[in-house]
Amino acid sequence: MGDKLKNFTYSLIHEDCHCHARLGQMNIFGKVVETPIFMPVGTQATVKFLAPEDLRNIKAGIILANTYHLWLRPGADILEKAGGIHRFMNYDGPILTDSGGFQVFSLADRRKISEEGVTFRSHLDGSRLFMSPEDSIYIQEKIGSDIAMSFDECIPYPSEYKYVKESMERTLRWAKRGKMAHTRQDQALFGIVQGGEFADLREYCAKALTEMDFDGYSIGGTSVGEDKKTMYQMIDYSIKDLPKDKPRYLMGVGAVNDILEGIERGVDMFDCVLPTRIARHGTLMTSKGRINIKKQIYKDDFSPLDNECDCECCRNYTKAYLNHLFRANEGLGNRLMSIHNLRFLIRLVEGAREAIRQDRFLEYKKEILTKYQFDERGF
RNA sequence: GGAGGGGUAGCGAAGUGGCUAAACGCGGUUGACUGUAAAUCAACUCCCUACGGGUUCGGCAGUUCGAAUCUGCCCCCCUCCA
């Protein structure tokens, strides 16, 4: 009985009758979240500039952390000693860890891939570190996240078919090894679909992972330089053969139009550094489109950032103040603007859930895209 | 009154005969950012009718083929001594 509550489950509540958009509910070992969901990224066991209390206030739900970064610092043993990442960082919501697979991409010039795993040259001190797919799982078990990812290779775009195929097949072998190594019953494990922009590879990978029976399926290798059309195709190819009764997670995607396109195609989970990173760099997503708070026109603009927004930043502060905080390089500006951008995307998916419930997701998407004047990048 | 030191682009500050429209930092403007080596990075920042032209390094007058850099005078600032 108690076990049942402590399981990881995904329930499909409703599928929009005009597209593949779906409303779901995940029970993550007793913690319940609704999907589609946007998950803020807190690589080093912190969403930069935010305290866990801020995450609760913006209704964050799941947040991310990163296996590679926590492995290097403070180290998996410290996380284990702390009693797991939740206690370590004092966040009691669900936490998902990326496996380190993205670092195979982002730190490409300081790693070497072999069948066995990946050798990294630490970006902190240059030391040689080896991570196998099993290691990634062990580390994630020590970190104690609620949802772990298989160790994969996120490949750049464009890559040659031959390489993409070999890499995807290796990622599949790694997924299998990781799954064999995984022991924690209180941690879900997702497989990651790769295969570049190639329909047959994506399809093959999705089917093979499904056969291995993961708790959920991620779509990886997107937003790595490809154009939007290609990216949406990658999603289509990947999702087509994934089981309906498991969550689908589109990794690393957070531009507004991308999230909407993803939801339309049946994606349940998104994460992205974009909202927090661009916030720190002065770009805010508002109901009137994207603004850059550092511009001089905001120096004496005493109106709120977005009067349709319910976040702490918009309820209490003016653009002039944010402009000042940005120019003065004050941390509060980073905090308030990160809160805003995250809340903006979280409200976006909240609205999407409501729309799906009413079978009007496509209208919702259209409303958003016409009302908000996003450029082709979608933010 | 005397003795030193100094005046360089919005600010600070290099440069002390040609490679200098003048390093670098700040400030300013613009742009980038999608499973975070990112409170980061890039471009521009004397003027213009701008793949070229014009005018500069307190002021004026010189030396020189050539000066922000050397000489003279003047103006201003700082420190110390009276």
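First the proteins, then the strands, lettered A, B, ... as listed; each starts at 1.
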Undergrad: So what does A/L124 touch, heavy atoms closer than 4.0 Å: a base, only the sugar-phosphate, or nothing?
TA: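 A/L124: no heavy atom of the nucleic acid under 4.0 Å.
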
Undergrad: Under 4.0 angstrom, heavy atoms only, what part of the nucleic acid is A/S106 near: base, sugar-phosphate, or nothing?
TA: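 The answer is sugar-phosphate, as A/S106 gets under 4.0 Å only of primed atoms, P, OP1 or OP2.
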
Undergrad: Determine the contact category for A/Q103: base if any of its heavy atoms lies under 4.0 Å from a base atom, sugar-phosphate if only primed atoms, P, OP1 or OP2 are that close, otherwise nothing.
TA: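 Sugar-phosphate, backbone atoms only, no base.
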
Undergrad: What contact category does A/Q44 fall into here, base, sugar-phosphate, or nothing, at under 4.0 angstrom with non-hydrogen atoms?
TA: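 No contact.
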
Undergrad: Heavy atoms only, 4.0 Å cut-off, all strands: where does A/E226 land among base, sugar-phosphate and nothing?
TA: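 A/E226: no heavy atom of the nucleic acid under 4.0 Å.
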
Undergrad: So A/D258, base contact, sugar-phosphate only, or nothing? Heavy-atom distance under 4.0 Å.
TA: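 Base: the residue A/D258, judged by heavy atoms under 4.0 Å, touches a nucleobase.
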
Undergrad: Would you mind classifying the nucleic acid contact of A/G221 as base, sugar-phosphate or nothing, using non-hydrogen atoms under 4.0 angstrom?
TA: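 Here A/G221 touches the bases of the nucleic acid.
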
Undergrad: Is A/K228 touching bases, backbone alone, or none of the nucleic acid, heavy atoms closer than 4.0 Å?
TA: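 The residue A/K228 makes base contact.
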
Undergrad: Name the closest nucleotide to the A/C154 side chain, picking from B/A37, B/G35, B/C33.
TA: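 Within the option list, the nearest is B/G35.
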
Undergrad: Which part of the nucleic acid does A/K48 contact within heavy-atom distance under 4.0 Å: base, sugar-phosphate only, or nothing?
TA: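 Contact class for A/K48: base.
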
Undergrad: For the side chain of A/R327, starting at C-beta, report the closest nucleotide among B/U29, B/G35, B/U36.
TA: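 In terms of side-chain proximity for A/R327, the closest of B/U29, B/G35, B/U36 is B/U29.
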
Undergrad: Within the 4.0 Å heavy-atom criterion, would you say A/D152 contacts the bases, only the backbone, or no part of the nucleic acid?
TA: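 Here A/D152 touches the bases of the nucleic acid.
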
Undergrad: Would you mind classifying the nucleic acid contact of A/S218 as base, sugar-phosphate or nothing, using non-hydrogen atoms under 4.0 angstrom?
TA: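 Nothing, no heavy atom under 4.0 Å.
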
Undergrad: Expressed as a whole number of Å, how far does the P atom of B/U8 sit from that of B/A68?
TA: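 Going atom to atom, P in each nucleotide, I get 15 Å.
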
Undergrad: With a non-hydrogen cut-off below 4.0 angstrom, is A/R73 in contact with a base, only sugar-phosphate, or nothing?
TA: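 Nothing, no nucleic acid heavy atom in range.
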
Undergrad: When you compare the side chain of A/I356 with that of A/E15, does any pair of heavy atoms fall below 4.5 Å?
TA: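 Side-chain contact under 4.5 Å: no.
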
